[in-house]
Amino acid sequence: EVQLVESGGGLVQPGGALRLSCATSGFTFSGFGMSWVRQAPGKGLEWVSTFYSHDGTTAYTDSVKGRFTISRDNAKNTLYLQMNSLKPEDTAVYYCNADSGYGMSWNEYWGQGTQVTVSS
């Protein structure tokens, strides 16, 4: 079965750092674009970052650029998000997303999320 399991969230003070992990199984990890998406309290889903599978490039939403770094270890089928200089507005549930991209079939998978709380 397909599994995406996020971990690494927690409570941190402003300016602190966390490293999120998304351990996956049940699909061909290297063939999927991997993303982090978050949902802040009272708000909708917000795309954070993507590590594309076709060319190995990355992208970030403006609010986290320069502070967050996405990476992936294909040998371990794991996606990471290094979060530095955290701000209270980063408080959210962070979800891991796998997307096969366009083709004859499309598959998209989600993890259960991990809570990140940035507060003094």
Side-chain angles (χ1 to χ4, degrees):
E1 69 279 20
V2 171
Q3 286 191 290
L4 290 77
V5 181
E6 300 95 334
S7 62
L11 175 64
V12 65
Q13 294 187 342
L18 288 172
R19 184 176 178 84
L20 306 184
S21 298
C22 174
T24 75
S25 61
F27 65 97
T28 305
F29 180 82
S30 62
F32 280 67
M34 299 296 301
S35 297
W36 290 98
V37 179
R38 67 187 180 185
Q39 186 167 34
K43 304 189 72 176
L45 292 171
E46 177 190 24
W47 168 76
V48 176
S49 182
T50 297
F51 199 127
Y52 297 97
S53 63
H54 70 286
D55 61 2
T57 60
T58 60
Y60 302 88
T61 191
D62 286 343
S63 64
V64 310
K65 192 171 184 179
R67 300 187 297 119
F68 291 9
T69 303
I70 192 171
S71 61
R72 63 192 294 170
D73 187 335
N74 288 344
K76 297 181 179 179
N77 296 336
T78 301
L79 179 74
Y80 303 96
L81 186 67
Q82 180 65 49
M83 309 166 65
N84 297 329
S85 302
L86 283 162
K87 303 175 180 180
E89 49 262 48
D90 295 318
T91 295
V93 177
Y94 284 72
Y95 298 95
C96 177
N97 170 265
D99 194 315
S100 66
Y102 295 104
M104 289 186 292
S105 64
W106 172 66
N107 297 99
E108 185 183 42
Y109 308 118
W110 293 85
Q112 83 293 333
T114 185
Q115 176 72 51
V116 172
T117 302
V118 185
S119 177
S120 61

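Scope of the values below: all heavy atoms of this structure, side chains included, with no hydrogens, waters or symmetry mates.
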Partners of Gln82 by side-chain contact (heavy atoms from CB on, under 4.5 Å), sequence neighbours excluded?
Ala17, Arg19, Thr69, Asn84
Which pairs count as salt bridge (charged side-chain N to carboxylate O under 4.0 Å, His left out) when at least one residue sits in residues 94-107, sequence neighbours excluded?
none
Which side chain to side chain donor-acceptor pair (under 3.5 Å) pairs, counting each pair once, include a residue from residues 4-16, with sequence neighbours left out?
Glu6-Gln112
Do the non-hydrogen side-chain atoms of Ser63 and Lys87 ever get within less than 4.5 Å of each other?
no
Sequence-distant partners of Asp90, salt bridge (Lys or Arg N to Asp or Glu O under 4.0 Å), two or more places apart:
Arg38, Arg67
Shortest non-hydrogen separation from Ser120 to Pro14 and the atoms involved:
N-CD, 3.7 Å
Where the side chain of Ser85 meets the backbone of Gly15, is there a donor-acceptor pair that is under 3.5 Å apart?
no
Any idea which heavy atoms bring Ser30 and Ser53 closest together, and the distance?
O-CB, 3.6 Å
How many angstroms lie between CD in Gln115 and CG in Leu11, if you round to the nearest 0.5 Å?
9.5 Å
So which atom in Ser49 and which in Ala59 form the shortest heavy-atom distance, rounded to 0.1 Å?
OG-O, 2.9 Å
List, by chain and then residue number, the residues other than Tyr80 in its hydrophobic cluster (Ile/Leu/Val/Met/Phe/Trp/Tyr, side-chain heavy atoms under 4.5 Å); write none if there are no others.
none
Tell me the disulfide bond (SG atoms under 2.5 Å apart) pairs involving residues 37-104, sequence neighbours left out?
Cys22-Cys96
Residues 38-70 vs disulfide bond (SG atoms under 2.5 Å apart), sequence neighbours excluded, gives none
When you measure from the side chain of Thr114 to the backbone of Gly9, do you find a donor-acceptor pair of N or O atoms at a distance under 3.5 Å?
yes
With sequence neighbours excluded, what pairs up with Ala23 under the side-chain contact (heavy atoms from CB on, under 4.5 Å) test?
Thr78
For Asp55, enumerate each residue passing the side chain to side chain donor-acceptor pair (under 3.5 Å) test, keeping only those at least two apart in sequence or located in another chain.
Thr57
Return the set of residues passing side chain to side chain donor-acceptor pair (under 3.5 Å) with Asn74 (not counting sequence neighbours), or none when no residue passes.
Arg72
Which other residues end up in the same hydrophobic cluster as Phe68, if Ile, Leu, Val, Met, Phe, Trp and Tyr are linked when side-chain heavy atoms come under 4.5 Å apart?
Val2, Leu4, Val12, Leu18, Leu20, Phe27, Phe29, Phe32, Met34, Trp36, Val48, Phe51, Tyr60, Val64, Ile70, Leu79, Leu81, Met83, Leu86, Tyr94, Tyr109, Val116, Val118
The side chain to side chain donor-acceptor pair (under 3.5 Å) partners of Ser21 (sequence neighbours excluded) come to none
